[in-house]
Amino acid sequence: MHPVRELARLLLPVACPCGEPDVLWCARCAALLASPFTRVERGAPRLDRLDGVPPVPVWALTPYAGPVRDVVVHWKDRGRADLDRLLAPALRRAAAHLGRALGPAAGGPLDVVPVPSTGAARRARRREPVAVLARAVTGGLRDAGVPARLVPALARTGPGRDQVGLGARARGRNLAGSVRMTRRGARALEKRSVCILVDDVLTTGATLAAVERALEGCGHDVLGATVLAATPAPGERGAERRAVAEGVKATYGSEPESVTDLCRPVHR
């Protein structure tokens, strides 16, 4: 290793969020983001509008568990903006696969609408992480030949607190009436746009439900939503763990004996 780089590593040590040292991210964490989207809305109770209309379809890249949780937390709240280079390409690939599957069902141009953060979260992070994901989804849909454009049309109103740590009912109360269309968004969207929502993590579905209501209240249609990760429903967590183990075994040919065996460096 170059002496200057070695000194920099000593002063500013690098590690994958799962703990593997000397790599920005490891092979295991990268492998967990290599699958296409899967439908996950049935595990989010707050997506149910209770009006007979089925919940909006939600496609997720991976379960929000284990190393993925660590990656997302470091990316969002611990200053690891370098993880954009792991997450954005993975989401773009999945969005391209989704775009090809949607085909004519998209019904024409799609407007990609990121879920807005609270002002407090944006100030604390000094950036808008979901915007990175929304750009990746837009690019992936275009890669598949779907005419798509990014439209940051919404904003959060009031002092609503961040959703982290809130239960399902508390999330719903916290978000009631808290999402609005911005003037710029109203001008950018067509008279009746078809929208794809983008968020980082699906938990109860309260956030996506609030965004869906805000857009539909302005006359727009929500085709579905994409998220980086989704919290597994209680009855599915064992199955998710088994699926992850099978994926790792397929990737490496055997089940690893330790975390270190899984964490082969792929980026230095």
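Position 1 is the first residue of the sequence; numbering continues from there.
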Report yes or no: do W25 and D82 form a side-chain donor-acceptor pair below 3.5 Å?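 Note: W25 and D82 side chains miss the donor-acceptor criterion.
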
Can you name the closest pair of heavy atoms from [X] and [Y] and give their distance?
| X | Y | answer |
| --- | --- | --- |
| R156 | T118 | NH2-CG2, 3.3 Å |
| G205 | L47 | O-CD2, 3.6 Å |
| W75 | V132 | CZ2-CB, 4.5 Å |
| C18 | R28 | CB-NH2, 3.4 Å |
| L150 | V112 | CD1-O, 3.4 Å |
| P17 | R80 | CD-NH1, 4.0 Å |

Given 3.5 Å as the limit, does a donor-acceptor pair link the side chain of [X] with the main chain of [Y], or not?
| X | Y | value |
| --- | --- | --- |
| R149 | D111 | no |
| E41 | V58 | yes |
| T204 | A44 | no |
| S193 | C195 | no |
| T138 | A148 | no |
| T62 | L32 | yes |
| E216 | V222 | no |

Taking the side chain as every heavy atom from C-beta outward, state whether [X] and [Y] have any pair of such atoms under 4.5 Å apart.
| X | Y | result |
| --- | --- | --- |
| L154 | L215 | yes |
| S117 | R125 | yes |
| V198 | V113 | no |
| V72 | Y64 | yes |
| L61 | T226 | no |
| L86 | L33 | yes |

Applying side-chain contact (heavy atoms from CB on, under 4.5 Å), run through L110 and L141 and close with a yes or a no. CA-CA 9 Å; L110 293 179; L141 292 172; 4.3 Å; yes

Apply the test side-chain contact (heavy atoms from CB on, under 4.5 Å) to residues V194 and H220: give CA-CA distance (whole Å), side-chain angles for both, the deciding distance (0.1 Å), then the verdict. CA-CA 6 Å; V194 178; H220 305 294; over 6 Å; no

side-chain contact (heavy atoms from CB on, under 4.5 Å) between T231 and L202: does it pass, once the steps are laid out? CA-CA 6 Å; T231 301; L202 174 69; over 6 Å; no

Begin from the C-alpha positions of L24 and L83 and carry the test side-chain contact (heavy atoms from CB on, under 4.5 Å) through to its verdict. CA-CA 8 Å; L24 294 176; L83 290 169; 5.7 Å; no

Can you name the salt bridge (Lys or Arg N to Asp or Glu O under 4.0 Å) partners of R78, sequence neighbours left out?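 Salt bridge (Lys or Arg N to Asp or Glu O under 4.0 Å) list for R78, sorted by chain: empty.
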
Got a list of side-chain donor-acceptor pairs under 3.5 Å for residues 89-103, not counting sequence neighbours?
{"residue": "R92", "atom": "NE", "partner": "D143", "partner atom": "OD2", "Å": "2.8"}
{"residue": "R92", "atom": "NH2", "partner": "D143", "partner atom": "OD1", "Å": "3.0"}
{"residue": "R92", "atom": "NH2", "partner": "D143", "partner atom": "OD2", "Å": "3.4"}

Looking at D200, D199, D70, which one forms a salt bridge (charged side-chain N to carboxylate O under 4.0 Å, His left out) with K76?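 Only match with K76 under salt bridge (charged side-chain N to carboxylate O under 4.0 Å, His left out): D200.
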
Got a salt bridge between E190 and R192, using NZ or NE/NH1/NH2 to carboxylate O under 4.0 Å?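 Salt bridge: no.
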
